[in-house]
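First comes the structure, then the notes that go with it.
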Number of protein chains: 2
Amino acid sequence: MAISYRAGPVAVGRRLGPEEFVSVRTAHTHDPLGDWGPCGACDLGPLSFCANMGRGTVSSLARVQCTLRYDAQDTMFREGDDGTAVYVLIAGAVKVYKLMPDGRRQITGFFFRGDMFGFCLETAYAYTAETISPVLACRLPMTLLRTLSQTAPEVQHRIMLRMIGKLATFHDHVLLLGRKTARERVASFLLSLSDRACRRGEPPSPLVLPMGRADIADHIGLTVETVSRAMTRLKRDGLLDLPSPGLVVLRRPKALRGIADGLTPEAA
Amino acid sequence: MAISYRAGPVAVGRRLGPEEFVSVRTAHTHDPLGDWGPCGACDLGPLSFCANMGRGTVSSLARVQCTLRYDAQDTMFREGDDGTAVYVLIAGAVKVYKLMPDGRRQITGFFFRGDMFGFCLETAYAYTAETISPVLACRLPMTLLRTLSQTAPEVQHRIMLRMIGKLATFHDHVLLLGRKTARERVASFLLSLSDRACRRGEPPSPLVLPMGRADIADHIGLTVETVSRAMTRLKRDGLLDLPSPGLVVLRRPKALRGIADGLTPEAA
DNA sequence: ACGCGACATTGATCTGAGTCAATTTATATC
DNA sequence: GATATAAATTGACTCAGATCAATGTCGCGT
């Protein structure tokens, strides 16, 4: 793999790796695709922020967009940094978290291919973003909202849709953290990953977990040990298989859903 | 005060009480205030969604806006209802929550004077909104975003700012629920109310709690008993006074902040 | 002033998840 | 393939907060 990784908080790749991100083309390339078409800087297709967007708008975005490459465990931005851009993940996985002074950590979200994060506007980032695996991301400066608000209200509108979606997931996650048992949390978490895989057009079941148990624990408000025990128990109860720590086969998704929603008594 | 209120999905008052909402004027009344000025349907002043907004935009909003009255314990909308409008609270307090089939409840937010909630866009509401006290609210249909996106991108932009603010509070609340102790949660909750009071131009300290202990518990992921015990202990430790259950005097806000942030060892 | 009902507080006990400590299993390196 | 290292699992024990059960307090209508 002849990929040149660059050190730095925002390693910018001029060229892309050959296999991993095959159909990615150079940013700023504009094919003559007619009135509707992609920007060319990513291969997200229908998941793209620009999917089915007016060509004029797309080229405005393409002009300010840049495609960034990160290694695993890179910090993309830190809590308190000036919020200057939103990111759309093209490949890889990202976690965002907040830390307490004594080291307690809460992962407030995971992001995958097609996801947008880093919403900000005249504000600092409220959390730190760190890559879990090597990442390719499209960076959109938020100043573009001012610039494009007149000519392309579509852009604001789409970002708003993403924010509303994120708000809805927060409501769900707050319910999970405030009121669900360990078993229910793990079931809910796995199902939410599965649902998101489906929305990306991937199969719901052989589920790949790019994050470790510690990250899962810090996301759903448990300890590593409790996450592990809950998983083992779900496996023992025939609800899922764990061929390897990073792979989950959902064997009885509906029963899992029942547990996630608190319909199944804990003893079962 | 000649005010006309519309009936709605839920109990709408025809007339306003004389003292409570004194300076509220008729919606759709347009005073000749020059290029910048309020819509006239509320007395929120600088807290208003329309504060310092172009007069043309304001009158567009005033045209579609309507002012609603609710009694205490009214349901404004339910989880799953078509999301058609956002609300700005002019007076009173609202809680929004999600329920689990077995009755467990998570209050995902409280809203007060000046707050906007009910963000939606081609989506159903993700939660139920219920008033805690009598409420006066300004209702803005979300279709206006489509209508005004060209002529008044300002409106989208302002809603987006509110959403970003809400996202930031969700990150904080997820940290609270996922990683804080009972004592830290109660301290954080009281301080967040205090901060919000300040932002409304009210004093930070004699804090009025319009919600009961059960609501607080369902918001910060505890039981009534634990909330009560934590409050009592904070009082015993001289950090606050509780002249009555609904009134909190913050005696040592900085020490309270230390507890909220986990800087003070639990034993203290 | 009285009594009722809702809400808040306090106390005693229980338990689900945390903590501490190995042990096992994957992954990476040579 | 052998070995080192990190991650995951499992087990024993503890504890913060839940549960169950009174008791106390406030507001309100009569």
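Only heavy atoms go into these numbers, but all of them, side chains included; no hydrogens, no water, no symmetry mates.
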Open item on the list: Does any part of the side chain of A:Met231, heavy atoms only, come nearer than 4.5 Å to the side chain of A:Leu242, both counted from C-beta?
Closed with: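 Touching, per the 4.5 Å side-chain cut-off.
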Task: Close side-chain approach of B:Ile259 to B:Arg183, heavy-atom, < 4.5 Å - done: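 SC-SC contact between B:Ile259 and B:Arg183 confirmed.
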- [ ] Taking salt bridge (Lys or Arg N to Asp or Glu O under 4.0 Å) as the test, write out the residues that go with B:Lys166, two or more places apart.
- [x] none
Task: Least distance between heavy atoms, B:Ser133 atom then B:Ala93 atom - done: OG-N, 3.0 Å
Task: Smallest separation among heavy atoms of A:Glu79 and A:Thr128, with atom names - done: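 Residues A:Glu79 and A:Thr128, closest heavy atoms: N-OG1, 3.0 Å.
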Task: Phosphate OP1/OP2 of D:dA18 contacted by B:Thr223 side-chain N/O (<4.0 Å) - done: yes
Task: All ring-ring contact (aromatic ring centres under 6.0 Å, His included) counterparts of B:Tyr127, not counting sequence neighbours - done: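 Counting only residues at least two positions away or on another chain, B:Tyr127 forms a ring-ring contact (aromatic ring centres under 6.0 Å, His included) with A:His171, B:Phe77.
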TODO: Not counting sequence neighbours, which residues clear ring-ring contact (aromatic ring centres under 6.0 Å, His included) with B:Phe117? List them please.
DONE: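 For B:Phe117 the ring-ring contact (aromatic ring centres under 6.0 Å, His included) partners, ignoring immediate neighbours, are B:Tyr87, B:Phe111.
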Distance in angstrom units between [X] [atom1] and [N] [atom2], rounded:
X	N	atom1	atom2	answer
B:Leu242	C:dC7	CG	P	18 Å
B:Leu176	D:dG17	CG	P	12 Å
A:Arg236	D:dT9	CZ	P	13 Å
B:Leu247	D:dC26	CG	C1'	14 Å
B:Met231	C:dC7	CE	P	15 Å
B:Arg213	D:dG17	CZ	C1'	18 Å
B:Asp218	C:dA8	CG	P	12 Å
A:Arg233	D:dT9	CZ	P	16 Å

Task: Per-nucleotide protein contact string for nucleotides 10-16 of chain C (B base, S sugar-phosphate only, - none; heavy atom under 4.0 Å) - done: BBB----
Task: Estimated bend of the helix from C:dA1-D:dT30 to C:dC30-D:dG1 (axis per five terminal pairs, rounded to 10 degrees) - done: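 Here the local axes at opposite ends form an angle of 50°.
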Open item on the list: Salt bridge check, B:Arg104 against B:Asp218: does any charged N sit closer than 4.0 Å to a carboxylate O?
Closed with: no
Task: Any residue meeting side chain to side chain contact (heavy atoms under 4.5 Å, CB included) with B:Pro243, in chain and number order, not counting sequence neighbours - done: B:Asp241, B:Leu247, B:Val249
Open item on the list: Quick check: on DNA chain C, is the nucleotide nearest A:Val227 upstream (toward 5') of the one nearest A:Pro243, or the reverse? Name the residue that is more 5'.
Closed with: A:Val227
TODO: Answer with base, sugar-phosphate or nothing: what part of the nucleic acid does B:Gly221 contact at a heavy-atom distance below 4.0 Å?
DONE: sugar-phosphate
